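Okay, so here's the structure we're looking at.
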Amino acid sequence: MSDKKSATIAVRTGITTDSQHHAVVPPLYLSTNYEFPEFGAVPKYDYARGGNPTRALLESALADLENGAGAVVTNCGMSAINLLLALLSPDDLIVAPHDCYGGTYRLFDSRAKKGAFKVLFVDQNDAQALEAALLQKPKLVWVETPSNPLLRVVDVAAICKQAHAADAWVGVDNTFLSPVLQQPLNLGADFVVHSTTKFINGHSDTVGGVVVAKEVELYEELKWWGNCIGATGNAFDSYMTLRGLRTLGARMRMHEENSGAILEFLKQEPLVSVIYHPSLPAHPGHEIAKKQQAGFGGMLSFELKGDESELKLFLASLKLFTLAESLGGVESLVTHPGSMTHRAMSDEAQAEAGIAATLLRLSIGLEDKADLIADLKQAFDIVRESQQ
Ligand SMILES: *Cc1c(COP(=O)(O)O)cnc(C)c1O
């Protein structure tokens, strides 16, 4: 636990802790194994799957940032979620959102089909459906807020209260906001998970994950399982992620500033039919987001007014926004969920989830906002000209 603000924790973790050479920035420990001082004396670190000093610094930073008892850094976001599943037994039920991250849906569904546990996907904003699901006494309620790609918001404090009354744990995937903008453990959750691949590393050059537990007993259990199943992250990626993490506070502020400017631009663009962003008063999750988030983050989605050929023309005309999956890096990205991140869903399932054919998701990076807006504007203008 730390009494410091998040930007300070992110910058300072591990700084000037090198007792050998007094390096300001902590060194990278690549060694697989560590010498036993004598027969029978197990050192703090013995083998890198179970523990590594570089990974431990990143774990300490992330546990402090999320205000948890401890963190286990894993080799990707999916393995962080999979590690949490190690705590469940075949009779246990997971209640998960119907619009969760595609990889999470696939993991829950596939493991449940193998009998590892049971899973129920519900619309967590449907009070009756949620209540009915909680009557089935789940072991774990999974929450993802804001959701991908429509940025639907779930009231974390309220769902924690309901889930705890039903004796369930609550795990929150906090990837979209980072601990700088949302701290689920402080809202009552038992676990927080991140794909550190996204905002936490922030430079699109590592794949990683983390589970943070609020209680020390559950942290110890996760740490044990992390070593048992081999889910832990490697030293080099931990070093890179800790390096990226140091600027998290500054980056999130600028993601937010750029997103606000782009939102204002999109609001007056006639070729934009709908914008999905929790900062908009018309967004159904606006009030909850204002209450539980310290900001609105760097993601937004909108629907282009047009057909498929106009959508293609718009995407081909963008010069700064890169057409790619993933999010949370310094570079701005545009994703077409229908054919990219959510292509495993049938057209009907997409329609049911509200993913329109011309829906585009933006991950707003840290380029100058004037250049980003100019890029969007010239692409809209090209589409406009093609319509005349
Ligand atoms: C990317 C992502 C994951 C999976 O993380 P990986 O690092 O790709 O394994 C999980 N949840 C959310 C919300 C994500 O965006």
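Excluded from the calculations below are hydrogen atoms, water molecules and symmetry mates; all remaining heavy atoms, backbone and side chain alike, are included. Read the numbers this way: they start at 1 and go in the same order the structure lists the ligands and their atoms. Just so you know, residue 1 is the first one in the sequence shown, and it goes up from there. As the structure is a prediction and not an experimental result, all values here were calculated from the model.
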### Query
Would Asp91 and Ser89 count as having a side-chain donor-acceptor pair, cut-off 3.5 Å?
no
### Message
Any nitrogen or oxygen of Ser195, side chain or backbone, less than 3.5 Å from one on ligand 1?
### Response
yes
### Message
Is there a side-chain contact between Trp142 and Val170 in this structure, where contact means two heavy atoms from C-beta onward sitting under 4.5 Å apart?
### Response
no
### Summary
So the atoms of ligand 1 within less than 4.0 Å of a heavy atom of Gly77 turn out to be 5 (O), 6 (P), 7 (O), 9 (O)
### Query
Can any side-chain N or O of Thr206 pair as donor or acceptor with the backbone N or O of Thr241 at less than 3.5 Å?
no
### Task
Would you check whether Asp173 has a nitrogen or oxygen atom less than 3.5 angstrom from a nitrogen or oxygen atom of ligand 1?
yes
### Query
How far is atom 4 (C) of ligand 1 from its nearest protein heavy atom, and which residue and atom name does that atom have?
Tyr101 CE2, 3.5 Å
### Message
If we only consider heavy atoms of Gly208, is any one of them less than 4.0 Å away from an atom in ligand 1?
### Response
yes
### Message
I'd like to know whether Phe121 forms a ring pair (Phe, Tyr, Trp, His ring centres under 6.0 Å) with Tyr105, so could you lay out the CA-CA distance, the side-chain angles of the two residues, the decisive distance to 0.1 Å, and finally the verdict.
### Response
CA-CA 9 Å; Phe121 293 99; Tyr105 185 95; 4.2 Å; yes
### Task
Ignoring angles and geometry beyond distance, decide whether Phe176 reaches within less than 3.5 Å of ligand 1 through its nitrogen or oxygen atoms.
no
### Task
Compare every heavy atom of His194 with every heavy atom of Ala80, then report the nearest pair and how far apart it is.
CB-O, 4.5 Å
### Query
Do any nitrogen or oxygen atoms of Met78 come within less than 3.5 Å of a nitrogen or oxygen of ligand 1?
yes
### Summary
Closest to atom 15 (O) of ligand 1 by heavy-atom distance, out of Met299, Lys198, His194, is Lys198
## Note on the structure
Smallest heavy-atom separation, Arg343 atom then Gln350 atom, equals CA-NE2, 4.1 Å
### Query
In terms of atom number and element, which parts of ligand 1 are under 4.0 angstrom from non-hydrogen atoms of Thr197?
7 (O)
### Query
How long is the gap from NZ on Lys305 to CZ on Phe380, to the nearest 0.5 Å?
10.5 Å
